[in-house]
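Working notes, beginning with the structure itself.
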Amino acid sequence: MRKPFVAGNWKMNTDSRTGVELAEKIVSATQQIAGRTVDVALCPPFVYLQSVVGALSSSSIAVGAQDIYIETKGAFTGEISASMLKDIGCIYVLCGHSERRHVIGEPDELVGKKVTAAISGGLLPILCVGELLAEREADQTIEVVTRQIKTGLAGLGAEKLSAVTLAYEPVWAIGTGLTATPQQAQDVHSFIRELLGRMYDNRLAEQIRILYGGSAKPGNAADLMSQQDIDGLLVGGASLKADDFVAIIQAAVKE
Ligand code: 13P
């Protein structure tokens, strides 16, 4: 069985004090379950990673970064490598989040190189995929998700696939309050698993965790998690409120 996994993407929010306070509250409220019945990760902004690693040091909650660069070191002003993130205690890294694809303009190929660089540097990538509203309305969801996954995992051998978590985040549901219905999300998740089965093999595809993201909140977390192929949640706005995020983590535990 796939262990549920809830990750909080803080995006460009918090400051040095509120970030640590948020992490501490989440640690104390999830001591019984985090790392046991549900895996939990927090993804703060780069500059607060190290202090959040410190705040989580006595817990089983992992830290993730929101992005990386594809090279290991050198003249790449402003960029941060996988090995640097690993060095300060990061475990996960988001690759190809929709805001990086659609606000910053990251192409699919670059995202694929980031997934490979993350694994080479010892991090566990969370590859984010998802369609725009116009793409859903034009019935292109499957096409877009297929392209993003095939390019995102390009060149990745089967022996490395288990390092990857997938996150399906329909762009129209991110930060909008519009959540995909559990059935809409399940349909895409089961398609993704089938696609991974075709690209690799069914046994491996059954082991990969596929998270849903897009206006996940305490009120819809259990319904989303009740779906067979939804293995966890990637949470934006609600991960900034300790009580809400803790309630989502609790709702994600599948008995
Ligand atoms: P919201 O939960 O704020 O919709 O954000 C989702 C997201 O982008 C997580 O990565």
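Order of appearance sets the numbers: ligands from 1, and atoms from 1 within every ligand. Treat the numbers as computed from the prediction; the structure is a model and nothing was measured.
Ligand 1 has no atom lying under 4.0 Å from any heavy atom of Ala167. Ligand 1 has no atom lying under 4.0 Å from any heavy atom of Ala238.
Close approach of ligand 1 to Gly214 (heavy-atom distance below 4.0 Å) involves ligand atoms 4 (O), 6 (C). Heavy-atom proximity to Gly175, at under 4.0 Å, picks out these atoms of ligand 1: 1 (P), 3 (O), 4 (O). Numbered from 1 in the order shown, with element, the atoms of ligand 1 that lie under 4.0 Å from a heavy atom of Ala173 read 4 (O). Short contacts between ligand 1 and Ser215, defined as distances under 4.0 Å to a heavy atom of the residue, involve ligand atoms 1 (P), 2 (O), 4 (O). Counting atoms of ligand 1 from 1 in the listed order, those under 4.0 Å from a heavy atom of Gly237 are 1 (P), 2 (O), 3 (O).
Remark: minimum distance from atom 5 (O) of ligand 1 to any protein heavy atom is reached at Lys11 NZ, 3.2 Å. Gly236 N, 2.9 Å is the protein heavy atom nearest to atom 2 (O) of ligand 1.
Between the side chain of Thr151 and the backbone N or O of Gln148 there is no donor-acceptor pair closer than 3.5 Å.
Among residue pairs with one or both ends in residues 68-81, those qualifying as side chain to side chain donor-acceptor pair (under 3.5 Å) are Ser81-Ser83; sequence neighbours excluded.
Rounding to the nearest 0.5 angstrom, the gap separating the CG atom in Leu110 from the CZ atom in Arg101 is 10.0 Å.
The nearest non-hydrogen atom to atom 6 (C) of ligand 1, considering only Glu99, Glu169, Lys217, comes from Glu169.
Under a hydrophobic clustering in which Ile, Leu, Val, Met, Phe, Trp and Tyr are joined whenever their side-chain heavy atoms come within less than 4.5 Å, directly or via other members, Leu234 and Val111 fall into different clusters.
Minimum interatomic distance between Ile248 and Ala216 (heavy atoms only, all atoms of both residues): CD1-O, 3.9 Å. The two residues Ala222 and Ala251 have their closest heavy-atom pair at N-CB, 4.0 Å.
For ligand 1, none of its N or O atoms has an N or O atom of Leu234 under 3.5 Å away.
Residues passing the ring pair (Phe, Tyr, Trp, His ring centres under 6.0 Å) test with Tyr92, sequence neighbours excluded: Phe5.
A side chain to side chain donor-acceptor pair (under 3.5 Å) with Arg209 is found for one member of Asp39, Asp229, Thr165 and no other, namely Asp39.
Contacts of Ile174 with ligand 1, taken as heavy-atom pairs under 4.0 Å, involve both backbone and side chain.
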